[in-house]
Amino acid sequence: MSAEINNEAKNEFKYDFKAVEAKWRRIWEEKKPYAAKTASDKTKFYGLIEFPYPSGAGLHVGHARPYTAMDVIARKRRMQGENVLFPIGFDAFGLPTENYAIANKIHPAAVTEQNIAGFTAQLKMLGYSFDWDRVVDTTDPAYYKWTQWIFLKLFDRGLAYKASMPVNWCVSCKCVLANEEVVSGVCERCGSEVVRREKSQWMLKITQYAQRLLDDLDGLDYIERVKTQQRNWIGRSTGAELDFETTAGDKLRVYTTRPDTLFGATYMVISPEHSALKAWESALVNLDEIREYQQAAAKKSDFERTEVSKDKTGVELTGVRAINPVTGGEIPIFISDYVLATYGTGAIMAVPGHDERDWEFAKKFGLPIVEVVSGGDVESAAYGGGDTGIMVNSGFLNGLSVADAKLKITQWLVDKGLGERKVNFKLRDWVFSRQRYWGEPIPIVHCGKCGYVALPESELPLLLPEVENYETTDTGESPLAAMADWLSVRCPHCGGAAKRETDTMPQWAGSSWYFLRYADPKNADALASREALDYWTPVDWYNGGMEHTTLHLLYSRFWHKFLYDIGVVPTSEPYMKRTSHGMILGEDGQKMSKSRGNVINPNDVVDEYGADTLRLYIMFLGDFEKAAPWSQKAVRGCKRFLDRVWTLAEGELSDSDDYAHEKAVHRTVKKVTEDIEAMKFNTAIASLMTLQSELSDGAASRGDVRALLLLLSPFAPHMAEELWEKLGFGELVCLAAWPEYDNAKTIDDTAEIAVQVGGKLKTTVVVPLGADEETVKAAALADDKIARITEGRELVRVITVRNKLINLIVK
RNA sequence: GCGGGUAUGGCGGAACAGGCAGACGCAAAGGACUUAAAAUCCUUCGGUAGAAAUACCGUGCCGGUUCGACCCCGGCUACCCGCACCA
C-alpha cells in the first residue's frame, strides 16, 4: 500500500512534461522552424552527426550523446542568426537487417522500413532540431542510384578494379571483410574467426590518394587523436628499393627503410606467397619442405599468424642464394610468414644486428649477426641506433651518422642502377565487394569478350532483384548468383551474352557521400545540384565516433577527393572540423551490452522523466570526450533542476525586461556561449544551475528569467518553449536571438586576494580591482592574522599576481 | 612491442599562461514541513587532531625546478583506446 503511494508521489513533478513535450513536438512539426533554406545572406552552418544504422534494437543512449551535443550547437547557432543545416538520415544497408530478414522470412526492405519508422519516432521524441524534409535513406533506389553512379566514375578512371588476392574471410558472415573491419584477427561485426582466402574482389584504389589523405590533414580542424590515428593507419615510410642478385641468375627486390645497414644484411626472407618461388622451382632442392611450409602458412588465419608472432618459423631455401651487393658475399634466403606478401615487395634483406624481428629469427636459426651501427650490443639485442648512430664495418659508410649514411648509400644505389628511393604506405586498397544480398548491386557486367563493362548511366539505378533466399552460399557467392533471370544480360559494349556482377557494395559505400545528398536530397538529375553543394559544403562541424576514424571517415575523405578531382564537389575535403565523443558506459562502469544487462533504454528515461531531462543529463554526465558511466540517480538531479526553473518562472518576478541580477546573467551568458562551442556542456549546465539558484533566491526580473530560458533552450527545448510562451516573450524560443554579454559587466569591482606567507595560504583580503602591489601589501599586512604571523620577522620578498594573490616571504 | 590518452573526495566530475584544489550534480548525515512517508526547502559534507579558533596532511608513486606545482621536467606504476611481425 505505502509502496504504491510512494510510487505515485515520486512522479508528482512540477509540470506535466508529457503533455508539454507532445505539444511542442506537434508545433515544431507544423511550423518547421528547423527547415534549412539553401542560399541566404546569413552565415551558413552545416552541423553533421553520423547517421544511424536503423537496427531492430532501436535508438540507444549511445546515439543520444553525440546527437544531443550537435543539436545543442545547432540550436545555439540558429539563435545566433546563422543559417543552419542539421540533417538526419539512415544508413540502412547491412548485415543485421539481412540476418533478421532471413530468420523471420521477411524482405529486408520491409525490416528496414519498420526500423526507420521506429528510429524516426525516437529521434522526434528527443526533440532534435533536424530538418525532417531532408531525410536520406541509403537503401532508397533514388539514393543508391548515385552511390552506383560514383562507383561507375571510379571504374571509368581506373580506380575500381577487380583483382584476385588473398582476402579476409569471415567464416560466420561468409563474407569478405576490408582490413579495417578485422579487429585483432576477428570479424569486427560478429567476432568470428577470419581466415585468408584467395578471391576475386572489387577493389578501390584508395592508395592512389594516400599522400593527399595524409598531407591534407594538416589544414583541418580535427581533434589531434583523429589525425594521429589516420596518419598511423596510412603509415607512410620512406626508404629504398634495391635488387639482390641471386644464384638462380635473376634479381630479388626488397624494400627497406634502413638502406644504411646494407653491410649488415646477412640473409634474406621472402613471404610464403612470393612469386620468386615459382621461378626458382627447378633450382630448389628442398621443394617439398618449402611447399609444406607454404601450405601451413596459407591455412593459418590472421589471428593465428599474429598469435604465434612470438615464435618465428621459416625454411631455408637450398639451391638458391643471394649476393649482398656491397659485400659481394653469398647469403641464404628463407621463407617465413613474418614477412608479409602485401607490403613492400614481399621480400626483405634481414639485418639481425639492427632489427628486432630479424634478430629473433637469426638467433633461432643460428645466423650470423654483424654490427654495422655502433652503440649497442648486437649479441644481446638488436640496436636501432637512431639518426645519430655511427656506422661501422660498412666500407665506404664507416664513420658516417645513420642519417648521412642513408643518403649516401641511397645515392650510391641509384648511381649504380641497383635501386631507388621509395615511399611506402601501410594503407591498402579498399576491398569493396561483399557476397551479400542487402547492399547496392555493383553496376558492372562481365562479358567473355569485353571483360568488365560498366552499365550505362541511363540504366541506373540497378535495382536489387527480388530473391527467394537471402542466405549466402558456402562457396562464398552472393545470393544474387542464384538469380538466373537477373544474372544474364547483354553486354552493353558488344551486345553479346554476358553476366551481371553478383557481389554488392559494403555498408561504407552509402555513408561515403551521404552528407552531400543532404544539400539537395530530392535531386533526380545529380547527386546534388552544384548550387546546393557550393552553398552548403564543406560540412563545418562533424561529430562522430572514434571507431570510424580509419573506416568511414577515411573512406569518405577519399571519395570526396575523387569527386573533387572530377569536378563534382567544390572542395577537396568534406569536413572542416571533426570532434569525437566518449562512450556512455553502463552503471557498472562496463560497456553497455545486452549480455551484461546494463543497457539503458532512452524510451524508459523519457517515459519517467521526459526528453528534456534525458538531454540535460546526457550533456551533464561528464567530459564529452571521455567515457562516462550512467547513473540513474543522477538523472533525478537534472529533473530537479528543471523543476526549479519552472517554479522560478511561475513565481513572483519584477516586471522589467532589464536584468536585476546583471552580473550573474552576463557571466552565465558568457560561460554558456563559450562552453557550448568548446563542447564543455557539463560546465555550461553547471553555470545554468548556479544562475537558477541565484535567481530563485529572490528579486529576479522577467528579463533575468528570459535570459535563463534562452540559455537553457538548446538543452531543454520543450520546457523552454512552454515557459517562453507562458511568460509571453514571443513566438518560438528556438528562433529567438541568443543573448549577448558585455564583458565589462561580468567583472567585479573588487578582487579577493589570496594571501600566502612563505607560499602557504593563510587568508584572503578584499581590495579594489586592479589594486597595485603596495595597496595589496598594505591590506595584507593590516590583516590580524597576517600581522600575528609576520610579527617580529623580516619581510624579504613580496610576490604579487594582479587581482589574484600576494605571497609574503619572511625570515 | 609501437602510437595516443587517462589517473583529483564515497561517486560523476570542476579548476590548469604555474597562483584560494574539490565548482555543479549524485550519494550520505542532520533539521524544517507532515499524523507519517514521499516530494520540497534549509544546513553539513577530502583526511587527521580539536569544543572552537586553528594546525598539519592531501590531486596514482618517487625525485627535480620554483616564492608557489593537479599543472612544468626526469624516472616509474596502473588502466583505457588504436595498431599490431608494415622491414
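In this text, all values refer to a predicted model and were calculated from it rather than measured experimentally. Throughout, a chain's letter reflects where its sequence line sits, starting with A, and its residues are numbered from 1.
Backbone-only contact: A:R640 has heavy atoms under 4.0 Å from sugar-phosphate atoms and none from a base. Residue contacts for A:S336: at a heavy-atom cut-off of 4.0 Å it reaches no nucleic acid atom on any strand shown. Among the heavy atoms of the strands lying under 4.0 Å from A:K426 is at least one base atom, whether or not backbone atoms are also near. Residue contacts shown for A:I348 include a base, since a base heavy atom lies under 4.0 Å away.
When both distances must be under 3.5 Å, the Watson-Crick or G-U wobble mate of B:U40 is B:A32.
Electrostatic pairing of A:E625 and A:R225 counts as a salt bridge here, judged by a charged N lying under 4.0 Å from a carboxylate O. A:R596 and A:D588 are not joined by a salt bridge, as no carboxylate oxygen comes within less than 4.0 angstrom of a charged side-chain nitrogen. By the 4.0 Å N-to-carboxylate-O rule, A:K639 lies close enough to A:D643 to be salt-bridged with it. Contact check on A:K18 versus A:D16 returns no salt bridge, with no Lys/Arg side-chain nitrogen under 4.0 Å from an Asp/Glu carboxylate oxygen. Look at A:E50 and A:R578 and you find a salt bridge, because one of the NZ, NE, NH1 or NH2 atoms lies within 4.0 Å of a carboxylate O, short of that distance. Using a 4.0 Å cut-off between charged side-chain N and carboxylate O, A:K777 and A:D772 make no salt bridge. Comment: A:D748 engages A:R667 in a salt bridge, judged by a side-chain N to carboxylate O separation of less than 4.0 angstrom.
A:F365 and A:F334 have perpendicular rings, their planes meeting at more than 60° on a 0 to 90° scale where under 30° would count as parallel.
Seen from the ring of A:Y338, A:K312 counts as a face-on cation partner, given the 6.0 Å and 45° thresholds.
By the rule that a glycosidic angle within 90° of 0 means syn, B:G75 does not qualify and counts as anti.
Note on A:T549: every side-chain N or O is 4.0 Å or more away from OP1 and OP2 of B:G82. For A:Y338 and B:A87, the shortest distance from a side-chain N or O to OP1 or OP2 is not below 4.0 Å.
The aromatic ring centroids of A:F620 and A:F715 lie 6.0 Å or more from each other.
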Quiz item: Along nucleotides 42-54 of chain B, 5' to 3', which nucleotides get a B, which get an S, and which get a -, given that the test is a protein heavy-atom distance under 4.0 Å?
Solution: -------------
Quiz item: Which nucleotides of nucleotides 5-23 of chain B have their base under 4.0 Å from a protein heavy atom (B), which only their sugar-phosphate (S), and which neither (-), written as one string 5' to 3'?
Solution: -------BSSS---BB--B
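Taking atom CG of A:L691 as the reference point, atom C1' of B:C24 lies 13 Å away to the nearest angstrom. Here the P atom of nucleotide B:C83 and the NE2 atom of A:H548 are 13 Å apart, to the nearest Å.
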Could you run down the sub-3.5 Å N/O contacts of the protein with nucleotides 76-81 of chain B?
none

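The number of heavy atoms from other shown groups lying within 6.0 Å of CG (A:D697) is above 12.
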